[in-house]
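The structure appears right after this line, and notes come after that.
The model shown is predicted, which means the values in this text are computed figures rather than measured ones. Because only heavy atoms are used, hydrogens play no part in the values below, and waters and symmetry mates are left out as well, while side chains stay in.
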Amino acid sequence: MLQLEIDLLMKDRQWLKQRLIELDGYGYGDYRSIRGHYGFTDASSAFNLSLNYVQRDPFAAPSLVCLQVSQKVAGFPVRWITEYAAQTAIADYLTRQVAQVAQSLQKERGSGKSGQIKIAAPSQAVIRRTAIWINSNGIEARLTVGLPALGRRIAGKAAATLLCDSIPQIVSRCLRYSALDAAEMERYIQTFQDAEALRHQLAQRGLVAFIPEGACLPRRSGVDERPLASGAVFIPPSEKVKLQTPHSGEIKGLGIKAGVTLIVGGGYHGKSTLLKAIEQGIYNHVPGDGRDRTVSHPDTIKLRAEDGRSVSGVDISPLINRLPGDRSSRSFSTANASGSTSQAAGLIEAIEAGAKVLLIDEDTAATNFMIRDRNMQALISKDKEPITPFIDKVRQLYDDYGISTILVMGGSGDYFSVADTVIAMENYQPRIVTEQAKAIAQADPNQRRSEGGENFIKSGSPLAARAILPDSLPPQKDGRSPKIKALKDKMILGYEEIDLRAVEQIVEVHQVKAIAQAIVYAQRHYFDAKKPLSEVLDCVMEDIAKGGLDALDEDERRWGDLAMFRRFELAAAINRLRTLKTASISYICATETAYR
């Protein structure tokens with residue numbers, strides 16, 4: 001009854017059209033008078049239109065428009081809009097359809113951003129976004145629209161055409177089941193559900209990743225994530241793993257087991273391409289992507305060296321200890337970390353955030369962090385070298401805490417002795433060569449000495465846990481929340497810039513904006529001198545699970561350009577904040593359960 005009363009009080013399409021024509025020639029600021037809710041009652045595209053934010057200038061950020069279509073009008077099958085996986089897949093599909101139609105409808109309608117119609121454009125990944133929500137009640141689509149202007153005067157007739165004629169076409173062409181390709185939507189849902197089923201079987205089978213037969217892993221370029229048209233088709237080795245899917249039946253492929261795995265081979269034979277596919281296997285992908293059934297453990301993190309990054313209060317003592325001048329590395333901070341130090345800090349931060357699988361490519365790793373060969377050991381004694389190389393810790397990481405590692409290694413056979421599985425890539429095709437690699441390692445009588453001790457962490461010296469202090473984000477001059485600017489490889493919070501180039505599992509700028517919102521949200525509610533960072537991450541992710549990404553939008557702007565992220569990328573952004581202030585409050589229990 002309340003909803004009916006609200007509908008009766010809404011202004012209609014004709015009122016909005018007439019008002020826009022009346023505003024023609026007025027100053028641009030008068031557009032604010034049209035803020036509100038409108039009911040469009042055409043039989044073919046009945047919907048509600050809300051203008052939640054109206055830009056103050058034609059050159060400013062465009063206005064926010066929300067379209068709400070009831071399920072009675074949208075007409076989607078009930079089985080699609082009541083199940084999480086189907087909801088996610090359909091919302092993603094509709095976002096792509098709206099993006100295409102909006103591009104065809106937008107045209108130059110004056111100065112600045114006049115005439116723009118946009119929705120947050122998705123990547124190849126299928127993830128939850130605020131651009132479109134769908135459930136049993138209906139669909140909500142959130143667009144940005146550039147309200148037309150001539151100079152800084154309202155172009156009222158153009159605005160009336162834009163909002164009252166063009167926008168309804170998006171509803172009629174994209175948000176009604178009868179206007180869409182039902183078979184294509186079904187394929188989106190089935191691809192998503194198959195990938196989810198494959199990922200759920202990984203732990204049951206003792207796997208951390210699965211690459212199916214027939215996958216196309218190479219991408220077109222570093223800035224184009226679409227599959228390479230002439231990319232090699234993936235053919236798994238004879239030791240195939242067989243997994244079941246609800247729609248495609250049995251699928252065969254390469255299963256990468258938990259433990260320590262090496263990917264070896266000559267240059268340009270596909271080692272890094274395979275690792276990149278595993279890195280992106282945390283996401284489901286659109287049909288035809290080539291990686292749409294390549295899956296990895298959801299708690300997989302890519303690590304790399306990152307010269308120059310800041311580090312705040314990280315206990316890197318398991319990897320770097322006995323610093324010159326008797327400086328402690330139990331709560332290590334620096335504004336300009338070296339490659340090895342940044343990689344050590346990144347590893348400990350990953351453990352702190354709850355990682356279960358680590359990915360490392362030797363091309364982006366610090367050599368002195370990864371290996372110290374026998375000749376260097378002979379020349380520089382261990383008591384003169386603070387760094388314990390990863391080769392002496394990678395086995396302990398799995399044996400002590402169940403954290404697996406997959407390494408691309410083309411330059412050092414010393415890792416053969418600590419690996420559980422060795423995969424050789426040749427012309428983009430894998431072979432299991434574990435037995436040969438182990439035989440080579442055992443035949444060498446002059447192997448290097450291990451420098452890692454018996455355990456990853458010394459007995460009785462667990463890792464120090466960190467709390468994030470509330471003043472880690474400096475206050476703004478006006479006392480309000482910091483302004484947010486998001487780019488693919490960085491974010492700006494107020495006056496602080498966070499470099500995200502090394503956080504390689506972020507795939508959309510919309511994730512960056514959502515992470516920035518989450519940092520501001522966490523500062524308001526959870527940064528506390530007594531609360532470990534791991535608990536802060538738990539709290540933020542739980543709030544999003546309950547209220548969606550809108551839980552981060554405390555100003556109620558109803559942003560349409562936020563995309564779902566993981567706790568690991570949120571932690572990575574927090575850890576790269578150069579104004580970050582931390583305190584050691586307790587210790588992470590040095591038991592296996594602490595990392596599971």
Is it the case that the side chains of R19 and S33 hold a donor-acceptor pair, with the cut-off being a distance below 3.5 Å and no angle test? yes
Between S472 (side chain) and K581 (backbone), is there a donor-acceptor pair under 3.5 Å? yes
Whether S342 side chain and A337 backbone form a donor-acceptor pair below 3.5 Å: no
For the residue pair Y28 and Y31, does the interplanar ring angle fall in the parallel (under 30°), tilted (30 to 60°) or perpendicular (over 60°) class? perpendicular
Is a side-chain N or O of T273 found less than 3.5 angstrom from the main chain of L217, in a donor-acceptor match? no
Is the backbone of V314 close enough, under 3.5 Å, to the side chain of E352 for a donor and an acceptor to pair up by distance? no
Can R173 and Q97 be counted as having a side-chain donor-acceptor contact under 3.5 angstrom? no
Given 3.5 Å as the limit, does a donor-acceptor pair link the side chain of T579 with the main chain of L473, or not? no
Check: N52 main-chain N/O paired with R35 side-chain donor or acceptor under 3.5 Å: yes
Test of understanding: with side chain to side chain contact (heavy atoms under 4.5 Å, CB included), list the residues that count as partners of T191, not counting sequence neighbours. R187, P287, D292
Please check if the side chain of Q505 supplies one atom and the backbone of K302 the other of a donor-acceptor pair under 3.5 Å. yes
Backbone of R304 reached by a side-chain donor or acceptor of Q343 within 3.5 Å: no
Would you check, one step at a time, whether the test salt bridge (charged side-chain N to carboxylate O under 4.0 Å, His left out) holds for K17 with D12? CA-CA 9 Å; K17 191 169 190 175; D12 63 11; over 6 Å; no
Mark yes or no for whether R578, through its side chain, and A335, through its backbone, hold a donor-acceptor pair below 3.5 Å. yes
Rounded at 0.5 Å granularity, tell me how far OG in S296 sits from OH in Y283. 10.0 Å
Side chains of E225 and Q280: any donor to acceptor distance under 3.5 Å? no
Please verify the inter-ring angle class for H525 with Y521; under 30° counts as parallel, over 60° as perpendicular, anything in between as tilted. tilted
Side chain to side chain contact (heavy atoms under 4.5 Å, CB included) for T88 and E83? Distances and angles first, verdict last. CA-CA 9 Å; T88 304; E83 193 263 329; over 6 Å; no
Spatial distance of atom CG (D307) from atom OG (S338) [nearest 0.5 Å]: 7.0 Å
When rounded to the nearest 0.5 Å, the distance separating CG of L143 from CG of D561 is 11.5 Å
Hey, what do you get for CD1 (I134) to CD1 (I90), rounding to the nearest 0.5 Å? 6.5 Å
Point-to-point distance, once rounded to the nearest 0.5 Å, from OG of S63 to CZ of R32: 11.5 Å
Using distance alone, with no hydrogens and no angle criterion, decide if D543 and Y526 have a side-chain donor and acceptor under 3.5 Å apart. yes
Using modelled atom types and a 3.5 Å cut-off, is there a donor and acceptor pairing between side-chain atoms of R13 and backbone atoms of C164? yes
If we count only N and O atoms by modelled type, under 3.5 Å, do the side chains of R309 and N575 hold a donor and an acceptor together? no
Return yes if a side-chain donor-acceptor contact under 3.5 Å exists between E140 and Q68, otherwise no. yes
Rounded to the nearest 0.5 Å, what's the gap from CD1 on I574 to CD on E569? Could you check? 12.0 Å
